[in-house]
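Heads up, the thing below is written out as structure tokens.
Residues: numbered from 1 along the sequence shown. Reckoned from all heavy atoms, side chains included, excluding hydrogens, waters and symmetry mates. Remember, predicted model here, so these are calculated numbers, not experimental data.
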Amino acid sequence: MKGFVMFCGHCGQKNADDAQFCGACGSPLHQSAEVQGNSAKPTDRATTPMPAPVLPPRPESAASTSSTPGAGTTPTTTIPAPASASPAVPTPDTPNTAAVHRSKAVIAAIVATALVVVAGITAGLTYHAELWGGKTLPDIAAETPKTSKQSGNAKAAVTADSVVVKLRASGITAIKKPEFSGAAKGAFLGYGNAKAGQRVSTTTQITVRESAGPGVPANIEHAKASTALTTLKTMGVPVHTKQIAVGSSSKLAGGTVVATYPLAGQAVTDTTTGIYIGIAEKTDGRTPAVPYDAVGTDINSVKDALVKAGVKVTVKPHFSSKKNVGKLVTSSPAPGTVLSSGESVTLYYGVGADKVQDATVGQSNAPYFYASELNDAVTGTYCKSTVTDVAKDCITLAQDENGSVYRVTAKDTGTSSDEHSNEILTMCFPFADGNAGDIGTCSYGGSQLPAGEGGMAKRLIAKQWGAFDFGEQGGSPSCGTATFSPYDEGCNASKQVVQDQDMSGATFDMHDFYVFFASGANLDAIEKSGYFDDSALAAAKKSSKPDTSRPFILARDASQYDTTSVPYSKAPVPSGQTLVQDPFVPGVGEFSASVKFKPAPTDANVYYLVESGQPDWQSLPDCDANGKVSKAAAQEQGFWRQVQGKYIFSSGAGAWATIMTVNADGSFTADHHDFDLGGAGDGYPNGSESVASGTGKFNYSKRNDDGTFSITCDQKAFHQNGTVGDVTIKDGVRVETVDGIYGLTPCNTFTVYPTGYATSALSDDVKSWMYGVIGNPLPSTLAGPLIVNDRGTFAFIYDQN
């Protein structure tokens, strides 16, 4: 009200005359009793009786004052209560105004405090409800108590995928990270950058560790072997420790990991074989060896050192990267092997694109070049630049006891060509319906053939661009699911017909096919030649080119072709020829666009040679975690290296034979056949054959006083393949599986006569078997080891071919 000065009854602060609340303490304001110019007038409103307010206790003495607003009590005056039954409510003009104001201030303070408490409780409740302040990582093991009690496979019941889904559903960012372990592939192994039960920000990306199954970690090479073994033994597969010899002055420390199988960073593909780990052991400088760290050094220096130590050395070419041309790239026995004086070894030196013909075809005595099966110049493992699945991202080429190169697959059980006949690789694809001779099928160039003539004239090998192609099945047509030779067989309704030229049911099917590029290959010339499909080239130009300083293989992708099977009658005939040829074998400018190679090479789709100097694990001696091996174990390994190879037991007539192949660890395969041309009958006009095959393992026993060695056949490891009595008809021949492998069964004890043993000291029974294979007279000493079954003196003669 104008004319009145407003003073706060609580703190005494002067306020504007129309203010309703104190500017200092916020208390409600009432009109002051001080009048300027006029006396105060009583209120016109009638007072309404109501209970007196309950005031806080105050001192009985005169009111005191405080200089601090809100501190202490407000000055008041004691007013006697009226005699009426219901005391009247004090008006603003009464002396009780300060008490009323103080009461309201206290109530306001209580309300404010309550609001703060409520807000705190609300904040706490919403935090624990994870409405703010991040999320708690779930403890997966605690949520699955039945599986958490076990190790390794404990978390197999919970997949990494399911954990990622759960985290993302709760608002947590998650990403999987695979790692090798003994748990099942895909299993959840834990968190990589946080712990279960930890509160994490929703902006933090949580790593979910996913099992990739057993494998070899990428960082294990050059680690201390004892430490590496601790990790590898958690993979749940067998772990074998092998000694690998390194040079006496090597920078590789003894007792460290120098090689592994599978390669570092790769998964285990055979859980029965497991993992091999090569542990460095320095040579003493006197014992002959092919040091593991000699790979990449001058071939001649390695050769000279071995020859000086009495080792028989053969030198051969092998494709390599540009940096290793002319240097040691591998050996047989493999690098890292300790040798014996008198032992034989093959050293391989690196070659590039300019030596493709020398390495693959060689210098033939014939007046033309002849390209057929591949040789050991291409053996090894080839992998893509990024390996996520070894089975898909790597190719391994090996050589069997017959010298044939084949692609190793998971189903291979040995080195016998019978076990991988469909994977034998060749450069030559003969005409399918006739014997055109070598010149007409697999030859090119030379003094007898004008330029551009010969069955290989339009193939890559003849172009001198540093590349050649090869594949499986040798260009033969198919009858049903099997390939066959139409030279003396036919095919009707997907069934082979012996000595019948009915080819109505025959087809040509697209088989695995590859291109090999040596280091320094002229990739531009090949691309311009029309060898690759145009669309494939266009797609390849969008990606990085392959590294031509390294040898690599490109595999044909059948899924990129519309047609992968052609009836025999529809197969094209090459220009200038009258004979049918496999239509899926590309030549430069030879056939239609449907056979041009797909895809074109890029850095991502080619398989590069892995130049790791991979050891021959079976031939290496077992060792402890420090790389030490017992003298007896070293002698035994040296014995098996000298005994390994192919052996023949036969009368020499050619109708029957047992072929046995002994490996560097004493394991063996054996195949027996006995052909009877006169055993023809209805449905098998080409005769009958008895067969038996099996596998086993010899154990080294001792060295005898006469210089021979005793070995025993492991009865638990020996078994015969197939079912005795089974009969099949193959190529018009009745084939029956018989009981026992002749010469090998019963498989008990054997005597090994080493190379150089005097033949005059052999028994007449043993020599009689040798005449059929070697001839008469026998040489004065054995040119190779001789293995004799003590039961029956059956003699297995070493095959030097």
Side-chain angles (χ1 to χ4, degrees), residues 319-322 325 351-361 369 371 374 377-378 382 384-385 395 397 425-429 442-445 451-472 475 510-558 560-561 574-575 581-609:
F319 292 111
S320 73
S321 61
K322 182 179 180 180
V325 169
V351 294
D354 61 331
K355 300 295 183 181
V356 163
Q357 183 166 286
D358 294 344
T360 57
V361 178
F369 296 114
L374 301 182
V378 300
Y382 299 76
K384 291 185 176 180
S385 54
I395 294 174
L397 305 184
L425 299 170
T426 179
M427 292 183 284
C428 179
F429 294 83
C442 304
S443 59
Y444 68 94
E453 292 192 10
M456 301 284 283
K458 294 186 178 180
R459 297 279 298 284
L460 287 178
I461 186 68
K463 300 301 179 181
Q464 306 298 317
W465 291 328
F468 56 91
D469 50 19
F470 59 94
E472 298 174 351
M510 182 178 285
H511 298 292
D512 290 345
F513 200 79
Y514 311 89
V515 181
F516 187 97
F517 299 81
S519 58
N522 191 342
L523 183 57
D524 288 340
I526 301 172
E527 290 180 343
K528 292 176 182 178
S529 71
Y531 185 84
F532 296 108
D533 176 80
D534 290 341
S535 62
L537 275 175
K541 292 186 182 299
K542 299 178 182 178
S543 302
S544 299
K545 284 191 173 184
D547 181 0
T548 55
S549 69
R550 302 167 61 188
F552 57 84
I553 293 174
L554 179 64
R556 180 163 63 185
D557 183 1
Q560 296 189 25
Y561 292 82
S575 57
Q581 191 170 17
D582 186 340
F584 297 114
V585 178
V588 177
E590 177 67 11
F591 297 129
S592 66
S594 63
V595 77
K596 289 190 175 182
F597 202 97
K598 302 177 187 179
T602 69
D603 181 64
N605 65 16
V606 301
Y607 299 81
Y608 293 104
L609 175 65

How about [X] and [Y]: do any of their side-chain heavy atoms sit closer than 4.5 Å?
X	Y	result
Phe319	Thr360	yes
Val515	Phe468	no
Phe513	Val595	no

Applying side chain to side chain donor-acceptor pair (under 3.5 Å), name anything that partners Ser385, two or more places apart in sequence or on another chain.
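Not a single residue meets the side chain to side chain donor-acceptor pair (under 3.5 Å) criterion with Ser385.
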
Could you tell me whether a side-chain N or O of [X] sits under 3.5 Å from a main-chain N or O of [Y], the two making a donor and an acceptor?
X	Y	answer
Arg556	His511	yes
Tyr514	Leu425	no
Tyr382	Leu397	no
Asn605	Thr602	yes
Tyr561	Lys596	yes

Not counting sequence neighbours, which residues clear ring pair (Phe, Tyr, Trp, His ring centres under 6.0 Å) with Phe517? List them please.
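Once residues adjacent in sequence are excluded, the partners of Phe517 under the ring pair (Phe, Tyr, Trp, His ring centres under 6.0 Å) criterion are Phe552.
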
Mind listing the closest non-hydrogen atom pair of Pro586 and Arg459 along with its distance?
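Distance-wise, the nearest heavy atoms are O-CD, 3.5 Å.
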
Considering non-hydrogen atoms only, spot the tightest contact between Ser519 and Ser549 and give its length.
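Minimum heavy-atom separation between Ser519 and Ser549: CB-O, 3.5 Å.
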
Can you tell me if NZ on Lys355 sees more than 12 non-hydrogen neighbours from other groups inside 6.0 Å?
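Not buried by this count: 12 neighbours or fewer within 6.0 Å.
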
